[in-house]
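Reading through the structure tokens given below for one structure.
All figures in this text were calculated on a predicted structure; none of them were measured in a lab. Residue indices begin at 1 and follow the sequence shown.
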Amino acid sequence: MSALAATQALALPHDNDPVAPFKIGEGLYYVGASDITAFLLKTRDGLVLIDGGYPSTAPQILANIRTLGFGPRQVKVLLSTHAHIDHAGGLAQLKRETGAVLYASKLDGALMARGGKGDFGLGDAAAYPPVTPDRTLADGQKVSLGGWTLTAHITPGHTRGCTTWTFPVTVAGQTRQAMVLCSNSVLPMYRLAGKESYPGIAADYRRSYATWRSLPCDVFLASHGMFFNLKAKRAALEAGQADAFVDPAGCKAYFEKGEAAFDAELRRQQAAAKAP
């Protein structure tokens with residue numbers, strides 16, 4: 001795959017435009033771009049940052065952290081949803097400038113250390129500055145800092161070590177359960193039937209959907225803003241709706257629609273694989 005094709009598969013127009021940071025809940029802030037997300041958690045012992053965007057997103061994230069009144073060196077923990085360039089590309093710079101401890105799943109951590117090269121779908125076409133995680137995450141592992149505890153759920157398919165995060169957060173005076181979805185999308189070059197992109201990819205997606213449906217999801221967040229209607233919810237928040245990001249029904253509907261689309265694509269590819 002060419003670098004251009006890889007970029008087109010991952011990117012949308014204006015997905016990386018600067019966005020001013022804002023508060024989602026008590027101690028939970030949005031510090032990402034227009035669609036490429038990043039989330040900041042304020043704890044009594046420092047900050048937790050989830051995702052690093054493209055290499056070009058890292059300076060935006062650092063600027064947003066400063067705009068909120070924090071210093072980059074206050075970030076003590078770096079977490080990742082997955083190891084594609086649009087989410088892990090900025091992690092090397094963020095790790096260097098914050099000094100934070102980087103956590104990642106075993107398989108995505110290995111991909112990060114290769115700078116995105118050798119990806120089962122993208123090959124070497126979407127490479128980025130390599131970064132080696134300090135800690136390897138297992139499914140169900142908890143990461144705690146200063147009164148916050150986040151749980152890692154390994155939900156493979158989009159990448160082999162795709163990691164969805166859950167944690168409690170107070171929004172509009174009530175404790176809610178937040179989810180930061182890794183990704184459930186099936187990229188155009190992914191083979192789910194016949195010679196699979198990697199052995200068991202279709203089964204991994206199926207198990208991941210079972211996991212996502214089972215997890216609490218009051219505050220639905222994700223690696224891409226388009227997954228959870230970021231723009232509309234931000235507008236509602238700015239209009240005075242304090243619980244704009246509380247959307248359990250939207251979360252449930254998203255996974256129902258997503259799994260139906262996955263089923264349809266799997267059936268299409270299975271039929272194509274059987275065709276003479």
Can you find a heavy atom in the side chain of [X] that is under 4.5 Å from one in the side chain of [Y]?
X	Y	answer
L41	I50	yes
D35	H14	no
V171	V219	yes
T163	Y103	no
L221	L181	no
L192	E196	no
R73	T98	no
H82	S183	yes

Ion pair present between [X] and [Y], side-chain N to carboxylate O less than 4.0 angstrom?
X	Y	answer
R160	D119	no
K95	D134	yes
E256	R213	no

- Intermediate values then yes/no, side chain to side chain contact (heavy atoms under 4.5 Å, CB included), F39 and L79: CA-CA 10 Å; F39 304 95; L79 302 179; over 6 Å; no
- Determine, step by step, whether Y254 and F227 satisfy the ring-ring contact (aromatic ring centres under 6.0 Å, His included) criterion, reporting the C-alpha distance in whole Å, the side-chain angles of both residues, the deciding distance to 0.1 Å, and the verdict. CA-CA 8 Å; Y254 179 83; F227 293 171; 5.7 Å; yes
When rounded to the nearest 0.5 angstrom, what is the spacing between [atom1] in [X] and [atom2] in [Y]?
X	Y	atom1	atom2	result
F255	C251	CZ	SG	4.5 Å
F22	L68	CZ	CG	10.5 Å
T211	R207	OG1	CZ	9.0 Å
Q74	I65	CD	CD1	9.5 Å
L91	D51	CG	CG	7.0 Å
F262	R267	CZ	CZ	10.5 Å

- Message: Among T81, T159, T136, exactly one meets side-chain hydrogen bond (donor to acceptor under 3.5 Å, both in side chains) together with D108. Which residue is that?
- Response: T159
In terms of side-chain heavy atoms, does [X] have a donor or acceptor partner in [Y] at a distance below 3.5 Å?
X	Y	result
T166	H153	yes
Y30	N64	no
T151	K142	yes
S185	H158	yes
Y209	N184	yes

Sub-3.5 Å donor-acceptor pair from the side chain of [X] to the main-chain atoms of [Y], do we have one?
X	Y	value
Q60	N16	yes
N229	A232	no
S34	D17	yes
D218	V246	no
S197	G121	no
S223	C182	yes
D139	I154	yes
D124	G118	yes

- Message: Before you tell me yes or no, could you show the steps for V101 and R135 under side chain to side chain contact (heavy atoms under 4.5 Å, CB included), namely the whole-Å CA-CA distance, both residues' side-chain angles and the distance that decides it to 0.1 Å?
- Response: CA-CA 7 Å; V101 176; R135 307 282 173 81; 3.7 Å; yes
- Message: Once side chain to side chain donor-acceptor pair (under 3.5 Å) is applied, what residue pairs with a partner in residues 36-45 remain, sequence neighbours excluded?
- Response: none
- Task: Report the C-alpha distance between L266 and R206 in whole Å, list the side-chain angles of each, state the deciding distance to 0.1 Å, and finish with yes or no for side chain to side chain contact (heavy atoms under 4.5 Å, CB included).
- Result: CA-CA 11 Å; L266 179 59; R206 181 72 66 215; 4.0 Å; yes
Does one hydrophobic cluster hold both [X] and [Y], with members joined at side-chain heavy-atom distances below 4.5 Å?
X	Y	value
V131	I36	yes
L187	L107	no
L78	I85	yes
V169	L230	yes
L145	W165	yes

- Apply the test ring-ring contact (aromatic ring centres under 6.0 Å, His included) to residues F220 and F245: give CA-CA distance (whole Å), side-chain angles for both, the deciding distance (0.1 Å), then the verdict. CA-CA 7 Å; F220 180 34; F245 283 83; over 10 Å; no
- Do the rings of Y190 and Y205 sit parallel, tilted or perpendicular, given the 30° and 60° boundaries? tilted
- Message: Would you call the rings of H224 and H87 parallel, tilted or perpendicular, taking 30° and 60° as the class edges?
- Response: perpendicular
